[in-house]
Each structure stands twice: as C-alpha cells, then as structure tokens.
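See structure below.
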Protein chains: 2
Amino acid sequence: MARPREFDEEKALDAAMQVFWEKGFEATSLSDLTSRMGIQRPSIYSTFGDKKGLFEAALRKYTSSHAAYVRNKLHNNPSVKEAFRAFFENMVAEEYGQNPNWGCFCINSMVELSPHDEKFEILTREHQMYLSVIFQETIDRGLRSGELDPAINAKSLAQTLVISLIGLTVIMKSRPERSFVDNSIKEILTLLR
Amino acid sequence: MARPREFDEEKALDAAMQVFWEKGFEATSLSDLTSRMGIQRPSIYSTFGDKKGLFEAALRKYTSSHAAYVRNKLHNNPSVKEAFRAFFENMVAEEYGQNPNWGCFCINSMVELSPHDEKFEILTREHQMYLSVIFQETIDRGLRSGELDPAINAKSLAQTLVISLIGLTVIMKSRPERSFVDNSIKEILTLLR
DNA sequence: GTAATTACGTACTGATCGGTATGTAATTTA
DNA sequence: TAAATTACATACCGATCAGTACGTAATTAC
C-alpha cells in the first residue's frame, strides 16, 4: 500500500447504490455516478471494475442490509401475526409518505437485468429465497408457540408472502389508491390464520 | 394524402413492441428499432413522434391486447375457480416453456418508467385497475352462481389476485424453482373458497 | 533521500446516442 | 402536365456514452 485512498469506499458505494436504485442501470451515466459519489472516473474503475461491477457491489450492499432489516423487523415482535401486519403496513406507509421512494432496488434490478444477465438472475433470486427463509422461520415460530393454525404449510405460505410483497412493491410504483393495497394486505394476512 | 406509406404501420408497431418488451426503454436504441421494424429513422419520427411516443404507442397496443386476452380467458370458463386456476397455471407454464419470455410489458414499464414519468404512471395504473375490474366481474359471477362463498369481498379479492399476478410475474424473472410459484398459486387460490 | 507504488485529476478516445436536414421518388389534385 | 404534398433513403448533427492514457501528487520501503 503506497498512497492511501482519499475517499471513503463505503460512502461512495452507498451513493452509487442510491443513484442506481433511483434511476436503474441503463439510465444512470458515469457522470451521474461521479457527481453523486464525489470521486472521479478512474477511482470508480480502479475500485469497482466497470459500471456493471459497481452496480453489482451496490446491489449486494442493498440486499444484505435489506435482509438484515427484514429479519430484525420480523424477529423483534413476539406476535407473528402482528409482526407481518406491521411489516406490510409499514412498507406501504413509507411508500406513500412524503419522501420519494424508489421501491425495492432488488426488484428493480430483477426486472431490468435478470432476463439478460445470469449473474443478476442468480443474485436477485437468492435474495428472494433468503427472504422466504426469514418468513418461514417466523411462521415456524408462530406454529411452535401455537399462535398459528397447525394446518398451515409454513414454506408455501412464506413463498406466498414473498410474492405478495413483490406484487405490492411493484404496483405502488403506479401509485394506486391506497385502499387498493390496504385491502390486499388485509386479504393476504387472512392466510396467517 | 399524396404518396402512400410503403410499410404496414401496425406491423412496424408490433415489432417495436417486441423490442421494447424484451429490452426496456433505455436499453433499446433507435438502431435496434429501425432494424427490427424494417423502416428508417425518419419514418419512425414522422409516424410516432419520438422514441418515447413510439414506446407509448407500443405499450398501449400491448395493454389493450393483454386486457382482451385476460378477459377472454376468464369469461370463457363456466367455473370461476377453474378459470383462475387455469389462468395462473397457464401463465407459469408459458414462462417456464422453451421460448424466451419477457414477463409482462406493462409491469416492466411500471418498474422502469412510472416513478419518473407521470404519463406512464397513469397508463400502467389504469391497466392494473382494468385487470382488477375483470377479476372482480369474474368473482361476482361466481358469487351470483353460488360457486363462491358469499362472505367473499369481491373487490378486495380481485385486487389481491392482481397483486399476486404481478408478484408471480416478477419473481419468475429470476427463474426460481417451479415449486416456488406452484406452491404460491395453490395458496393464493385458497382465497377463492 | 531515492526508488517503487498507488491514487488523483485532467483530458481525451472511439463509439454510439437520439434526432434531423436534405434531396429525391411517388402520388394526388387541378 | 404542372404544382403540391407526402414518403423515402442517405448522410449527417451535436451531445453524450463508457472507458482510459497520462502526468502529477502522496505515501511506503529500503
């Protein structure tokens, strides 16, 4: 190691994540990135490879922090039904709040890149699988405690909730009336009987 | 009208729809379009305005034909439960088939463009609302015939099924194990009790 | 203090982007 | 047949794209 980095690699990556999250891969230019990351092009290329490498690093940062967020939200609530209810309702409230929201970076990437790039097909799939495992663990906890109907198939229900989460996140991009998503969440949560 | 068009406007639009469907708006270049549409740039600009105008025309063509397809699928089955089951299972089978599938053009556009362009926010929202109306009509039919539990809220359930459809379509972009979507469809269809 | 190494900023590359000017061909109207 | 109008193909526009060459600054190793 000769001359040390002058910029904070994590902060720069975080800035890149925000730009990609907001605009997607294709619509984000290197100029967008340098201005928001506060560094020059050669620093990006020497640190992250190329544009796609930077995107991948940003997406990995997102998925790991998102997984931690979801795990925390669901595990820190004694009631499983209440945990899922709060999780879904909180997600909707954030999306309909003042601050602009860009949905889920992983879902955005799944739609834009997965069909054309196997690396992102795998990366985004693995995140969804991980979410379904977190969901299933939570449902299992409710089965063990007796809170949930023992006839429930934890795995199938977890997978269904992941798919509902995706559907809700995506449809909110078109900003439907709030009752649309509120009704659906109520309906979906009846599966957690 | 002086000199008549030498190309078939509908066929050209159909070709444009396929390219945009496959690659999205940003990743599709004018060169991609001219080569697949079989016409020159000035013909595109004189007929459809600009790139975004052509995209909008292509998306409108897609949504109207997709709505007709869904309506037909659901209305031409005497059993409502069977109609939805066949609809969802057929969608999955197509996506996992040999031919490449690009998901739903409207969902792709909702993810890529709706947050940055109000015109597409409205256009994609209206299509989802229309699908939910078709779904609701079908559920109402099942309620009238006595096939479905009269305790069902047709509107909420229709909205839920639209969200499930979106979630299924999107997650299949990452090509999960087929059991993932099969399980979820079974679970979702239990709401049609 | 000198050589080696790494980082930085500037300025550039060829390619491609979306969009258009222009000249010519074809058709209608009169 | 002449004028007007529309469509076509070519060839171009300035801007921007992702990516890099290169010279200089800073740090470490010896």
Side-chain angles (χ1 to χ4, degrees), chain A residues 1-60 105 108-109 112-113 116-120, chain B residues 1-60 105 108-109 112-113 116-120:
Chain A
M1 287 306 118
R3 177 175 173 181
R5 289 247 154 79
E6 290 180 8
F7 65 93
D8 182 326
E9 198 169 313
E10 281 306 310
K11 279 189 179 165
L13 183 54
D14 212 73
M17 182 184 79
Q18 287 181 44
V19 191
F20 280 132
W21 188 353
E22 173 181 339
K23 310 183 67 166
F25 178 77
E26 290 289 346
T28 298
S29 72
L30 263 293
S31 302
D32 293 329
L33 290 166
T34 53
S35 69
R36 291 275 288 269
M37 297 171 79
I39 60 178
Q40 309 296 327
R41 267 159 211 243
S43 299
I44 291 182
Y45 282 86
S46 66
T47 310
F48 301 101
D50 57 4
K51 188 189 173 188
K52 212 148 203 172
L54 173 58
F55 186 92
E56 184 187 342
L59 181 54
R60 286 186 187 278
F105 184 25
N108 297 353
S109 306
E112 184 181 10
L113 300 179
H116 309 93
D117 190 324
E118 197 184 357
K119 176 172 267 174
F120 291 98
Chain B
M1 287 306 119
R3 178 176 173 179
R5 289 247 154 79
E6 291 180 9
F7 65 94
D8 182 327
E9 199 169 313
E10 281 306 310
K11 279 188 179 165
L13 182 54
D14 213 73
M17 183 184 78
Q18 287 181 45
V19 191
F20 280 133
W21 189 352
E22 173 181 338
K23 310 184 67 167
F25 178 76
E26 291 288 347
T28 299
S29 71
L30 262 294
S31 303
D32 294 329
L33 290 166
T34 53
S35 69
R36 291 274 289 268
M37 297 171 80
I39 60 178
Q40 309 296 328
R41 267 159 211 241
S43 299
I44 290 182
Y45 281 86
S46 67
T47 309
F48 302 102
D50 57 5
K51 188 188 174 190
K52 212 147 204 173
L54 173 58
F55 186 93
E56 184 186 343
L59 180 55
R60 287 186 186 278
F105 184 25
N108 298 354
S109 306
E112 184 181 9
L113 299 179
H116 309 93
D117 191 323
E118 196 184 358
K119 176 172 270 177
F120 291 98

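We name chains A, B, ... by the order of the sequence lines, and we start the count at 1 in each one.
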Exercise. Can you tell me the distance, in whole Å, between the CD atom of Q40(B) and the C1' atom of dT6(D)?
Key: 17 Å
Quiz prompt | Between P of dT6(C) and CD1 of I39(A), the distance in whole Å | solution = 18 Å
Quiz item: Can you check the R3(A) CZ to dC8(C) C1' distance for me, whole Å?
Solution: 5 Å
Quiz item: If we fit an axis to the first five pairs and another to the last five of the helix from dG1(C)-dC30(D) to dA30(C)-dT1(D), what angle do they make, to the nearest 10°?
Solution: 0°
Practice problem: List the protein contact pattern of nucleotides 18-23 of chain D with one symbol per nucleotide (5' to 3'): B for base contact, S for sugar-phosphate-only contact, - for none; contact means a heavy-atom distance under 4.0 Å. | Solution: BBBB--
Practice problem: Could you state the atom-to-atom distance from CD1 of I44(B) to C1' of dG18(C) in whole Å? | Solution: 11 Å
Practice problem: Measure from CE on M37(B) to C1' on dA9(D) and round the result to the nearest Å. | Solution: 16 Å
Self-check item: Touch class at under 4.0 angstrom, heavy-atom based, for S43(B) against every strand present
Solution: sugar-phosphate
Exercise. To the nearest Å, give me how far apart CZ (F48(B)) and P (dG19(C)) are.
Key: 14 Å
Quiz item: Ion pair present between E56(A) and R60(A), side-chain N to carboxylate O less than 4.0 angstrom?
Solution: yes
Name the atoms and distances for all side-chain donor-acceptor pairs under 3.5 Å in residues 27-34 of chain A, with sequence neighbours left out.
from: T28(A); atom 1: OG1; to: G24(A); atom 2: O; distance (Å): 2.6
from: S29(A); atom 1: OG; to: S31(A); atom 2: N; distance (Å): 3.3
from: S29(A); atom 1: OG; to: D32(A); atom 2: N; distance (Å): 3.1
from: S29(A); atom 1: OG; to: D32(A); atom 2: OD2; distance (Å): 3.2
from: S31(A); atom 1: OG; to: R41(A); atom 2: NH2; distance (Å): 3.1
from: D32(A); atom 1: OD2; to: K23(A); atom 2: NZ; distance (Å): 3.1
from: D32(A); atom 1: OD2; to: S29(A); atom 2: N; distance (Å): 2.9
from: T34(A); atom 1: OG1; to: L30(A); atom 2: O; distance (Å): 3.2
from: T34(A); atom 1: OG1; to: S31(A); atom 2: O; distance (Å): 3.1

Exercise. Using atom CG of L33(B) as one end and atom P of dG18(C) as the other, report the distance to the nearest whole Å.
Key: 8 Å
Exercise. Check the angle between the aromatic planes of W21(A) and F105(A) and answer parallel, tilted or perpendicular using the 30° and 60° thresholds.
Key: parallel
